[in-house]
Amino acid sequence: MAHPVAPVSPPLKDDLDIVIPTIRNLDFLAMWRPFFEPYHLIIVQDGDPTKTIRVPEGFDYELYNRNDVNRVLGPRVSCISFKDSACRCFGFLVSKKKYIFTIDDDCFVAKDPSGKEINALAQHIQNLLTPSTPLFFNTLYDPYRDGADFVRGYPFSLREGVPTAISHGLWLNIPDYDAPTQLVKPRERNSRYVDAVMTIPKGSLFPMCGMNLAFDRELIGPAMYFGLMGDGQPIGRYDDMWAGWRAKVICDHLSLGVKTGLPYIWHSKASNPFVNLKKEYKGIYWQEEIIPFFQSVLLPKECTTVQKCYIELSRQVKEKLGPLDPYFQKLGDAMVTWIEAWDQLNSPAQQAAANKKNESTPSTKSSILFGVTY
Ligand SMILES: O=c1ccn([C@@H]2O[C@H](COP(=O)(O)OP(=O)(O)O[C@H]3OC[C@H](O)[C@H](O)[C@H]3O)[C@@H](O)[C@H]2O)c(=O)[nH]1
Ligand SMILES: [Mn+2]
């Protein structure tokens, strides 16, 4: 007699939250339903909090609008951007899970060259659950993938790799170009599917895009601050870039890995290049100073946790980039506020309370999840 086969639970079903920043109805979820429905969503509604965001039936979610963010963080809300996708990091803050996947609401399911729909979430999970190799480049790319391995000459002492903190996915159709490139190449579309996952070598920075990104919240969460952008700030569309440069410096210091490549999503909407240019232009020339700063950052050996690294980085940002523009003084202070908010919401007591609430918490708005906590 055939034995009944227990249903296979989706990987990390109870250990991963999907964070979506949005200003629009989330009809895009319908296409992701086969892959996302088993997971809990954290929706961060930006802009007008009186607007109702429509979420398709059947998804388990909590939704935070600006009033909720103010309620949860109180005076520390100053570190969360308004009217910019950077607001997504509030979702990273309030999640109680070990893993995060964040995706933009104009990113859809892509197809691989065989025409098969890509389960981007499953690929990110695979990337996060297998080690990275930042200390020595494997020329056959991801050695932990089925059908691949370390090549001849790869030191056996390094084949254990290091824990993976970040998985950076890519985009078919609309690539994540900056405004000048968008203006010069308005019709360029990315149709090149590269079937590879690579570890970004230690000592190398990279431009982290937030639209298709996953990370291990316990390993690197406090460094995944996306700010200060949007309303009242002199810059936009650099939230994920800052976060990526700081996180990579910290990953290198703490021997954690960052991978880029698969999975692809289908990015459907090109935002307005002229609007983007207004948001980005300061970043385009500032980054010529900022990159050498991050490339030369040294973190003392006493910085043994992400929080300690982050506080030290905020000090150096203010000292070394402050002369560039007063914005960096503000950013340095906001980095400290972020860590305070992180520690406030992720203290052991908070974790225990959240675990208790998760047992019986339906999808609801945060006003029930979080009373006044500051
Ligand atoms: O004020 C806002 C504007 C947008 N959002 C949400 O953020 C996501 C990205 O928005 P959109 O797809 O319209 O902009 P893109 O130019 O394609 O975004 C890219 O560049 C900026 C960021 O780095 C972003 O991560 C990149 O994808 C989308 O979910 C909007 O609903 C918002 O929350 N507030
Ligand atoms: Mn987009």
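Computed from heavy atoms alone, side chains included, the values below leave out hydrogens, waters and symmetry copies.
Distance alone, capped at 3.5 Å, is enough to place a donor-acceptor pair between the Arg217 side chain and the Phe92 backbone. Checking side-chain atoms of Ser95 against main-chain N and O of Gly91 turns up no donor-acceptor pair under 3.5 Å. In terms of modelled atom types and a separation under 3.5 Å, the side chain of Asn65 and the main chain of Gln45 share no donor-acceptor contact. Checked by atom type and distance alone, the side chain of His168 never pairs as donor or acceptor with a backbone atom of Thr260 at under 3.5 Å. Side-chain atoms of Thr102 come within 3.5 Å of backbone N or O of Val19 as a donor-acceptor pair.
Tyr99 and Glu218 form no side-chain donor-acceptor contact under 3.5 Å, judged by distance and modelled atom types alone. His267 and Asp106 share a donor-acceptor pair across their side chains, judged by distance under 3.5 Å alone. A donor atom on one side chain and an acceptor atom on the other are not found under 3.5 Å apart for Asn138 and Thr133. Looking only at atom types and distance, the side chain of Asn119 has no donor-acceptor partner in the side chain of Gln123 under 3.5 Å away. Between the side chains of Tyr64 and Glu62, at least one donor-acceptor pair of N or O atoms lies under 3.5 Å. Side-chain contact, Asp105 with Thr22: a donor N or O sits under 3.5 Å from an acceptor N or O.
Tyr154 and Arg159 get closest at one heavy-atom pair: O-NH2, 2.8 Å. Across every non-hydrogen atom of Leu170 and Asn212, the tightest pair is O-ND2, 3.0 Å. Ser204 and Asp252 get closest at one heavy-atom pair: N-OD2, 4.2 Å. Nearest heavy atoms, Thr130 versus Lys259: OG1-NZ, 2.7 Å. In plain terms, the two heavy atoms of Phe226 and Asp239 that are nearest each other are CD2-OD2, 3.3 Å.
With salt bridges taken as basic N to acidic carboxylate O contacts below 4.0 Å, one links Asp104 and Arg88. A salt bridge is defined here as a Lys NZ or Arg NE, NH1 or NH2 lying under 4.0 Å from an Asp or Glu carboxylate O, and Asp46 with Arg66 fails to meet this definition. A salt bridge is defined here as a Lys NZ or Arg NE, NH1 or NH2 lying under 4.0 Å from an Asp or Glu carboxylate O, and Asp17 with Lys97 meets this definition. At a threshold of 4.0 Å, the pair Lys318-Asp333 counts as salt-bridged, since one of the basic side-chain nitrogens sits closer than that to a carboxylate oxygen. Between Lys308 and Glu312 there is no salt bridge, since none of the side-chain N atoms of the basic residue sits less than 4.0 Å from a carboxylate O of the acidic one.
Taking OG of Ser271 as the reference point, atom CG of Asn276 lies at 3.5 Å (rounded to 0.5 Å). Distance check: Leu228 CG to Ile235 CD1 gives 10.5 Å after rounding to the nearest 0.5 Å. Rounding to the nearest 0.5 Å gives a distance of 11.5 Å between NE2 of His253 and SG of Cys251. Note that OH of Tyr310 is 7.5 Å distant from CG of Leu313, once rounded to the nearest 0.5 Å.
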| field | Candidate pair Gln126 and Tyr144, rule side chain to side chain donor-acceptor pair (under 3.5 Å), full reasoning | value | CA-CA 10 Å; Gln126 168 75 12; Tyr144 303 101; over 6 Å; no
| request: Given side-chain contact (heavy atoms from CB on, under 4.5 Å), test Asp231 with Ser81 step by step and report yes or no. | output: CA-CA 7 Å; Asp231 198 38; Ser81 301; over 6 Å; no
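Other residues, nucleotides and ligands contribute at most 12 non-hydrogen atoms within 6.0 Å of the NZ atom of Lys83. Atom OH of Tyr285 has more than 12 heavy atoms from other residues, nucleotides or ligands within 6.0 Å. Residue-environment remark: CZ (Phe328) exceeds the threshold of 12 foreign heavy atoms within 6.0 Å. Remark: Lys278 NZ is loosely packed, at most 12 non-hydrogen atoms of other residues, nucleotides or ligands lying under 6.0 Å away.
Residues meeting the side chain to side chain contact (heavy atoms under 4.5 Å, CB included) test with Arg187, sequence neighbours left out: none.
Between Phe294 and Trp245, the ring planes lie tilted relative to each other; the angle falls in the 30° to 60° range. Relative orientation of the Phe28 and Phe108 rings is perpendicular, given thresholds of 30° and 60° on the angle between their planes.
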